[in-house]
Number of protein chains: 2
Amino acid sequence: MTAPRRARPSKPATIKDVARALGISISTVSRAMRGFPEVNNETRQAVLRTAEELDYQPNQVALSLVTKHTHSIGVIVPNLDYFFATAVRGIDELAIEAGYTVLTCQSNESYGREITNTQRLVNSRVDGLIVSISSATSSLDHFRRLLQREVPMVFFDRVNADLEANKVMLHNYDGAVQAVSHLIEQGCRRIAYLAGPASLSISNQRKEGYLGTLRQHGLPVSDDFIVHCEFDREHAYRATLRLLDGAERPDAIFTVSDRIAIGALLALRERGVRVPDDIALVGFNDEPVASLLTPSLSSVAQPAFEMGRIAAQLFVEQMNSDEIRPYQTVVLKPTLMVRESSLRRR
Amino acid sequence: MTAPRRARPSKPATIKDVARALGISISTVSRAMRGFPEVNNETRQAVLRTAEELDYQPNQVALSLVTKHTHSIGVIVPNLDYFFATAVRGIDELAIEAGYTVLTCQSNESYGREITNTQRLVNSRVDGLIVSISSATSSLDHFRRLLQREVPMVFFDRVNADLEANKVMLHNYDGAVQAVSHLIEQGCRRIAYLAGPASLSISNQRKEGYLGTLRQHGLPVSDDFIVHCEFDREHAYRATLRLLDGAERPDAIFTVSDRIAIGALLALRERGVRVPDDIALVGFNDEPVASLLTPSLSSVAQPAFEMGRIAAQLFVEQMNSDEIRPYQTVVLKPTLMVRESSLRRR
DNA sequence: TTGTAGGCGTTATCAT
DNA sequence: ATGATAACGCCTACAA
């Protein structure tokens, strides 16, 4: 009785193995593999056949060491919720077309993890980075260092104004304007804003849009109507309860994301507040869940997939041009999806 | 007027730069950096300081070429929906603890993309792969080749019985048993199964559980009550309409996933079928959306995060042991979450 | 304790 | 048309 044995593992064939098998030099193999015109046709055939037989695949690691390119893009996102998963698909799609492999890491909304991810990816010599900044990120030095080295970088969605780099983002201000204008049209006058972490550009840009719209319509603004909370259903739930227990009760809530809107909805349900009659509600992101809620949730849609594609597009362009090009900021248009949660029958 | 100029990009420092700056050899630097005991303390200090100043980070690509290890795991998933995103987080978490970087690729349920992803990751010399098989995958040769080379591989969720490798999966049969038994308890007798693609193990294992339970209760089984469709709301919607228009109408539907259950729910709503009174409904995966639907959706929960962690655990164990170990299959327990969609008031 | 030389798999340069 | 050789950045003998 012999011990169970698996097929003997064979190390991957190298260019040397192919050369030796044919009794020729590795340079010829290299040239044949890459389709250089100068190599004799019969030689080429022989090389290709032997490579096939030996299942020879060029070692990308060795190649990268020489060329300084890995044909890979490191992507760092705070999480993989619906929005980011969709954006990553967009990045992925264009990247593949352009011959790049996408390596996705999650920072988990952690500053430390973001730094670790950044460093590991860079040390693994990805050709560059596409990043959406974590909500906990307090300093941008880890990115600045790379930008200084001209490592190609594109930021998307959660960008920072101080960073000189290519960016793709939503016109967050306009998204808020659409949402709040709509609520005002529906007769709402005391509109609250359930914001995300104060550190995030998207939180604040949407806040500006919210404030601007209120002012434009001559509506009062109050700090009590602006509540910050984490991107998390539970936090949103509690924040909403605080809002309901405040001195003045709002007649509408605009939230920075659908996930937060859901937390709000649960709180409202529990308190027996009718939506939209007592309090109208508008979310942000237009996740598929929005249309499935009862009442269905009005939400500001953003083109996540396209945002990803464009980010990858900018990245590839930056890679391919050796001249120094000015940084671009692409701003995408939001679209308000009106549903039951904000439609008042009059 | 001069053209705008950015700070001059500096190439990353190499071990040579550090050595040269100190007038010592690179081997000493190498040893000092890695904390070898034999190196003189003053030398070590000097090296560390200079490395810091020059911002020297070892080039992982060069390192990999020597060591044959990249300390990275390639993960291939069909998509990044809630289940897979959660599982990837689980993989990520354990991998980071163990010092690995996770590179996630989506096959987009495409056989070709799965092959491409596999090849690219392997050519980039990831240390191994953690895979959930795409629904379109028709041959497993691309994986078999790697297994033969003893490339560490772990399959999860969508596994294949013919593959000799480590696996983590749900007890799908039991999940179906729980769901169907529950429906029978609720008085349902004509229970239909809305299955996913027939090529998938999870579809079929759940089908076996469904059939087994019906037989055990002496309930008739009928092919008309088993409908396959893509993992997609739209397909599920149409499949449900077909089901409703069949000769005999079911009084319950068990679905292979929540996404499909949602498609079914929309079809039922549109036809004015009351859930659960006319037709009870049970989904699979227990996505967060399940509890938010109206009626809230009963669903078989699976520990996605834990599944990911265990997959990574198996991977790391396989990496760290040089003896040939038998392949393991870890089977996790499902839990039925009962909600309104299947609870009949009697 | 430190330095030298060879090698990892590939490409590029210069010969032949 | 093909081959030899240096180089990429690092590690691991082995030598000093």
Side-chain angles (χ1 to χ4, degrees), chain A residues 10-48 50-51 54-72 119-120 122-127 149, chain B residues 10-48 50-51 54-72 119-127 149 151:
Chain A
S10 52
K11 303 207 177 311
T14 74
I15 198 170
K16 279 186 192 171
D17 298 322
V18 179
R20 196 175 323 125
L22 289 164
I24 62 180
S25 78
I26 62 170
S27 345
T28 302
V29 175
S30 174
R31 285 189 276 251
M33 289 297 292
R34 287 179 297 161
F36 279 34
E38 65 224 43
V39 39
N40 181 309
N41 222 313
E42 290 168 23
T43 319
R44 181 198 320 302
Q45 301 303 335
V47 167
L48 261 30
T50 311
L54 267 49
D55 193 25
Y56 164 66
Q57 313 264 64
N59 181 334
Q60 295 300 322
V61 173
L63 215 173
S64 300
L65 187 57
V66 173
T67 63
K68 310 287 184 196
H69 288 93
T70 54
H71 281 279
S72 61
Q119 243 169 31
R120 288 194 179 183
V122 169
N123 289 349
S124 300
R125 298 299 189 269
V126 292
D127 288 347
R149 292 217 181 123
Chain B
S10 52
K11 304 207 176 313
T14 75
I15 198 171
K16 278 187 194 168
D17 298 322
V18 179
R20 198 177 319 128
L22 290 164
I24 62 179
S25 78
I26 62 171
S27 20
T28 304
V29 176
S30 172
R31 286 187 276 251
M33 289 296 292
R34 286 178 299 158
F36 278 35
E38 66 224 39
V39 39
N40 180 310
N41 220 314
E42 291 170 22
T43 318
R44 182 199 321 299
Q45 299 304 333
V47 167
L48 260 29
T50 311
L54 267 47
D55 193 25
Y56 165 65
Q57 315 263 61
N59 181 334
Q60 294 300 323
V61 172
L63 217 174
S64 300
L65 188 56
V66 174
T67 64
K68 308 286 183 199
H69 289 96
T70 53
H71 280 281
S72 60
Q119 242 170 31
R120 289 195 179 183
L121 287 171
V122 169
N123 289 349
S124 301
R125 297 299 189 268
V126 292
D127 288 348
R149 294 222 178 118
V151 174

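Both backbone and side-chain heavy atoms feed into the values below; hydrogens, waters and symmetry mates do not. Below, chain A is the first sequence line, B the second, and so on; all start at residue 1.
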> For D/dC10, does OP1 or OP2 lie under 4.0 Å from any side-chain N or O of B/S30?
no
> Under a 3.5 Å cutoff on both atom distances, Watson-Crick or G-U, what's the dot-bracket for DNA chain D ([ ] crossing, | other strand)?
||||||||||||||||
> Return the CD1 to CG distance between B/I15 and B/L54, rounded to the nearest 0.5 Å.
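That separation rounds to 12.0 Å.
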> Can you tell me how far C1' of D/dT2 sits from CE of A/M33, to the nearest Å?
17 Å
> Of the nucleotides D/dC10, C/dA12, D/dT2, which has the atom closest to the A/S25 side chain?
D/dT2
> Within the structure provided, determine whether A/V122 and A/R149 are in side-chain contact (heavy-atom separation under 4.5 Å).
no
> I want to verify a distance call: between C/dT10, C/dT2, D/dC10, whose nearest atom is closest to the A/N59 side chain?
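Nearest to the side chain of A/N59 among the choices is C/dT10.
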> How would you label the contact of B/S64 with the nucleic acid (heavy atoms, under 4.0 Å): base, sugar-phosphate, or nothing?
nothing
> With a non-hydrogen cut-off below 4.0 angstrom, is B/L65 in contact with a base, only sugar-phosphate, or nothing?
base
> Let me know the distance between CG of A/N123 and C1' of D/dG9, rounded to the nearest Å.
13 Å
> Whole Å only: how far is the CD atom of B/Q45 from the P atom of C/dT1?
14 Å
> Return the value, rounded to whole Å, for the distance between atom NE2 of A/H71 and atom P of C/dT11.
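My rounded result for the distance is 12 Å.
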> Is any side-chain N or O of A/R20 closer than 4.0 Å to OP1 or OP2 of C/dG9?
no
> Find the distance A/D17:CG to C/dT10:P and express it as a whole number of Å.
9 Å
> Rounded to the nearest angstrom, tell me the gap between atom CD in A/E42 and atom C1' in D/dT2.
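Checked: the CD to C1' distance equals 15 Å.
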> Do B/S27 side-chain and C/dT4 base share a donor-acceptor contact under 3.5 Å?
yes
> Side-chain atoms of residues 22-33 of chain B: list all donor-acceptor pairs with protein atoms under 3.5 Å, sequence neighbours left out, distances to 0.1 Å.
unit_1, atom_1, unit_2, atom_2, d
B/S25, OG, B/S27, OG, 3.2
B/S25, OG, B/T28, N, 3.4
B/S25, OG, B/T28, OG1, 3.2
B/S30, OG, B/R34, NE, 3.4
B/S30, OG, B/R34, NH2, 2.9

> Mind listing the closest non-hydrogen atom pair of A/T50 and A/A21 along with its distance?
CG2-CB, 3.9 Å
> Does B/P37 or A/Q57 map to a spot on DNA chain C nearer the 5' end, using the closest nucleotide for each?
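Looking at DNA chain C, the more 5' nearest nucleotide goes with B/P37.
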> Does A/K16 make a side-chain N or O approach to OP1 or OP2 of C/dC8 shorter than 4.0 Å?
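So the side chain of A/K16 is within the cut-off, an N or O lying under 4.0 Å from OP1 or OP2 of C/dC8.
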> Output every pair passing side chain to side chain donor-acceptor pair (under 3.5 Å) with a member in residues 57-68 of chain B, not counting sequence neighbours, ordered by first then second residue.
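Counting only pairs at least two positions apart or across chains, no side chain to side chain donor-acceptor pair (under 3.5 Å) contact touches residues 57-68 of chain B.
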> Please tell me if A/K68 has a side-chain N or O lying less than 4.0 Å from either OP1 or OP2 of C/dT11.
no
> Identify whether any heavy atom of B/F36 sits under 4.0 Å from a base atom; if not, whether one sits that close to sugar-phosphate; answer base, sugar-phosphate or nothing.
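Answer is nothing: B/F36 stays at 4.0 Å or more from every strand.
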> For A/I24 and C/dT16, what is the distance between atoms CD1 and P respectively, to the nearest whole Å?
21 Å
> Would you say that more than 12 heavy atoms from the other residues, nucleotides or ligands in this model lie under 6.0 Å from the CD of B/E42, or not?
no
> Tell me which nucleotide among D/dC11, C/dT11, C/dT10 gets nearest to the side chain of A/R34.
C/dT11
> Using a 4.0 Å heavy-atom cut-off, does A/T28 contact any base of the nucleic acid, only the sugar-phosphate backbone, or nothing at all?
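A/T28: backbone/sugar contact only, no base atoms under 4.0 Å.
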> Hey, does B/V39 reach any base, or is it just sugar-phosphate, or nothing, if we go heavy atoms under 4.0 Å?
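The residue B/V39 makes sugar-phosphate contact but no base contact.
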> So which atom in A/R44 and which in A/V39 form the shortest heavy-atom distance, rounded to 0.1 Å?
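Nearest pair, atom of A/R44 first, then A/V39: NH1-CG1, 3.1 Å.
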> Mind checking B/T67 for me? I need base, sugar-phosphate or nothing, with any heavy atom below 4.0 Å counting as a touch.
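Since no nucleic acid heavy atom lies under 4.0 Å of B/T67, the category is nothing.
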> Quick one: B/Q60 CD to D/dG9 C1', roughly how many Å, whole number?
11 Å
> Determine the contact category for A/R31: base if any of its heavy atoms lies under 4.0 Å from a base atom, sugar-phosphate if only primed atoms, P, OP1 or OP2 are that close, otherwise nothing.
base
> So, B/D17 side chain and B/T14 main chain: donor-acceptor pair closer than 3.5 Å or not?
yes
> Going from CZ on A/R120 to CG on A/N123, what distance comes out if it is rounded to the nearest 0.5 angstrom?
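Going from the CZ atom of A/R120 to the CG atom of A/N123 covers 9.5 Å.
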> Quick one: which of C/dT10, D/dC11, C/dG3 gets closest to the side chain of B/I26?
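So the side chain of B/I26 is nearest to D/dC11.
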> Is a donor-acceptor pair below 3.5 Å formed from side chain A/R125 to base D/dG9, judging by atom type as modelled?
no
